[in-house]
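In what follows, every chain begins at residue 1, and chains take the letters A, B, ... in the order their sequences are listed.
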Amino acid sequence: AQRVTQPEKLLSVFKGAPVELKCNYSYSGSPELFWYVQYSRQRLQLLLRHISRESIKGFTADLNKGETSFHLKKPFAQEEDSAMYYCALSGTGGGNKLTFGTGTQLKVEL
Amino acid sequence: DTAVSQTPKYLVTQMGNDKSIKCEQNLGHDTMYWYKQDSKKFLKIMFSYNNKELIINETVPNRFSPKSPDKAHLNLHINSLELGDSAVYFCASSHSGGYNEQFFGPGTRLTVL
């Protein structure tokens, strides 16, 4: 079974402060990990995926297989980063099934 | 405008009614999905179709019946609506393969009274 845990429902930081959104997963095989973001009144969209090893909008995420984690980080939060962030896992086989975490609402305050 | 579109955006109905939500994608994808987002914003997959064939069915009551007339469309029909069906339903599409990004529709907010 595949499972994704996001322990924080709400994370509030000040503008310019570092951000870390936690994500832990449980999967017996080799997972594909993603971060999706939902800005206010917009559709869910991909932020980044571990396979690409890229930085998007200043965000990075490193897959740590030892700790089964895929935390999302940004060194300096911006007001426009305020959104709902979902960590998601796709297992090999199983038809592209994405298992989402419960989401973390990030609020960046001025 | 290339995207995943859903209709209607809002749906308010009485318990016991039957309703449908339509989804269309013009991205050339071969796989489409339905997700349910509950009041706590928890997102869970319901169904997935690849080339018009059902490949994922996640223990959803059989009052929910997806139908894929072609690769670009995946509709969701719900019979005998219950209060607990109130949620936001998202359609998504992708190329097949676990690495591939899923593109989401804007969602349909269903309210059952």
Side-chain angles (χ1 to χ4, degrees), chain A residues 1-11 21 23 25 27-54 56 63 70 83-107, chain B residues 1-7 9-10 23 25 27 29-60 66 68 74 87-109:
Chain A
Q2 49 196 68
R3 197 163 135 188
V4 177
T5 304
Q6 292 179 251
E8 300 139 329
K9 276 190 177 176
L10 173 66
L11 183 64
L21 300 169
C23 172
Y25 67 89
Y27 184 64
S28 54
S30 264
E32 306 306 324
L33 274 298
F34 305 82
W35 277 98
Y36 279 80
V37 61
Q38 189 175 26
Y39 299 102
S40 178
R41 296 193 191 92
Q42 291 187 31
R43 64 187 70 196
L44 201 66
Q45 56 189 285
L46 179 69
L47 180 63
L48 53 79
R49 69 192 98 179
H50 95 266
I51 194 77
S52 304
R53 302 183 69 80
E54 58 198 345
I56 304 290
L63 179 61
F70 189 57
M84 189 73 165
Y85 291 80
Y86 291 95
C87 183
L89 179 155
S90 176
T92 50
N96 283 23
K97 173 182 165 180
L98 266 184
T99 297
F100 283 90
T102 47
T104 298
Q105 181 74 45
L106 174 64
K107 189 176 175 185
Chain B
D1 193 24
T2 53
V4 181
S5 58
Q6 291 177 233
T7 53
K9 201 168 177 181
Y10 300 96
C23 178
Q25 56 94 5
L27 298 165
H29 293 156
D30 57 1
T31 306
M32 295 185 73
Y33 315 81
W34 278 109
Y35 289 88
K36 180 180 179 181
Q37 186 181 46
D38 63 22
S39 57
K40 295 180 181 176
K41 302 272 189 182
F42 182 53
L43 260 173
K44 188 169 163 56
I45 190 162
M46 299 172 70
F47 301 103
S48 172
Y49 269 73
N50 177 259
N51 285 315
K52 301 193 297 173
E53 282 192 35
L54 179 67
I55 53 171
I56 295 174
N57 183 342
E58 284 286 304
T59 333
V60 178
S68 181
L74 180 62
V88 181
Y89 292 85
F90 286 99
C91 177
S93 72
S94 75
H95 292 298
S96 47
Y99 295 95
N100 290 309
E101 176 182 357
Q102 292 188 18
F103 290 79
F104 283 78
T108 295
R109 183 173 293 277

Where do [X] and [Y] come nearest, in terms of heavy atoms and distance?
X: A:L98; Y: B:Y35; result: CB-OH, 3.3 Å
X: B:Q37; Y: A:Y86; result: NE2-OH, 2.7 Å
X: B:F42; Y: A:T102; result: CD1-CG2, 3.7 Å
X: A:R43; Y: B:A3; result: NH1-CB, 4.2 Å

Which bit of A:Q38 comes within less than 4.5 Å of chain B, counting heavy atoms only: side chain, backbone, both or neither?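 For A:Q38, the contact with chain B is made by the side chain alone.
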
Approximate separation, where rounding is to 0.5 Å, of A:K9 NZ and B:K40 NZ: 5.5 Å

Rounded to the nearest 0.5 Å, the CG atom of B:N100 sits from the CD atom of A:E32 at a distance of 10.0 Å

With a 4.5 angstrom heavy-atom cut-off, could you sort out which part of B:F103 is near chain A: side chain, backbone, both or neither? neither

Quick check: do A:Y36 and B:E101 have side-chain heavy atoms less than 4.5 Å from each other?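 Answer yes - side chains close enough.
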
